[in-house]
Amino acid sequence: MKKKLLSTILSVTMAAALLAGCGSSAAAPAETAAPAEEAAPAEEAAPAEEAEVVEDVEEAAEAVEEAAADSGAAGDVITVGFAQVGHESDWRTASTKSCQDVFSAENGYDLSFVDCDNDEAAQKEAVRSFIEQGVDYIIIDPIIATGWDTVLTECEDAGIPVIVIDRTIDDSDKYVSWVGSNFKTEGLAAGEWLKAYAEKQGIKEINALVISGSTGASAQIGRSEGFQEVADREGWTILDEQTGDFTKAGGQEVMESYCKSYEGKFNVVVCQNDNEAFGAMTAMDNAGVAYGPGNDVILISFDACTAGLEDVKAGKISADFECNPLAAPFVEQVIQQLQKGETPEKEVYMEEHWYALPDQIVDFSIDGEAQTMTEVTDDVIAAQY
Ligand code: AHR
């Protein structure tokens, strides 16, 4: 793909998105996120500079159509660099597989994949190495939400469009599109479910321990904010919140220390992913703490990967709030739109479900919107990632 041309498209796409007022907050519901093309009435808004942008869009679109046609005729491979967070969880494994399946040689891609092992500096280096390679597109799953503007400016200067997947970048909008989950909604869902379930069970007091994800990751920030919002409103006590880094070992270590410090004082444990929940269960088993429906402690988890849902079915996790890792096909759609000179949506939200067994399925709403829960059955588990 021609770099100069891509540079124009990138600038134009970002300018259009800025005009449209699209933010990067994961908290905004999908319906309110205006597609850039819809919301950019550049002709009406029209200071001289913006009018020029519109001309550029038209020129760029024409040029891209030609380039795409050329490239199609020549059967050009599209080169993609993907800076993945790491390999900390079952969710991450599913996300990596999804990207590798979609951006395969059979599908016309040459994928450079870097597992950044949860190291922020290594992730920026990976992005810089993609710039040096001169890939056509860069995909980033940002380990943490901030500190991105410099390296994204370097991508922009190199004319390489960036697509953000899963976690958000909160301090720069120099990327074309983001595809991922609404983490705050996930946290709100866990909180509103707990409120409704506790009422059904006649539980008057909530004393919760939270094992959070990697500090500063938007998945951690959103889930913590959402759950805390309900806790504050309902007057629950959050005894402690420490990070388990989204890993089984981290979840176990934090829960071991919680079992000692808060023995007999807690009735809810919230793990911000399934792997932390697996570790927390081992720690509670070892400490003789009974958890799951009908026991002293309500265990809540996020992700709803296969093994997480098996633990729901086994009566260990009371409710599991999905984070859908299969975003790669939507990222590919964004790339295909760019190939055709179209303007992709700035934000694309994944569809997600809330899982429990029938006795734990309760009615609840988020911001007035009624939620539907999904019963965990063998078929549901078999279809999960
Ligand atoms: O960013 C998504 C989160 O990161 C998932 O909840 C977790 O499992 C992963 O490690």
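First listed ligand is number 1; within each ligand, the first listed atom is number 1.
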Do F103 and D110 touch side chain to side chain, with heavy atoms closer than 4.5 Å?
no
Those residues with a heavy-atom separation under 4.0 Å from ligand 1 are E88, S89, W91, R92, D166, R167, A219, R223, F246, N273, D303
Between E310 and K316, is the closest basic N to carboxylate O distance under 4.0 Å?
no
With a 4.0 Å cut-off on N to O distance, would you call D367 and K184 a salt bridge?
no
Quick one: pull up OG in S177 and CD in E345 and give me the separation to the nearest 0.5 Å.
8.0 Å
Output every pair passing salt bridge (charged side-chain N to carboxylate O under 4.0 Å, His left out) with a member in residues 241-266, not counting sequence neighbours, ordered by first then second residue.
none
Measure from NZ or CZ of K346 to the centre of the six-membered ring of Y175, then state whether that distance is under 6.0 Å and the direction lies within 45° of the axis.
yes
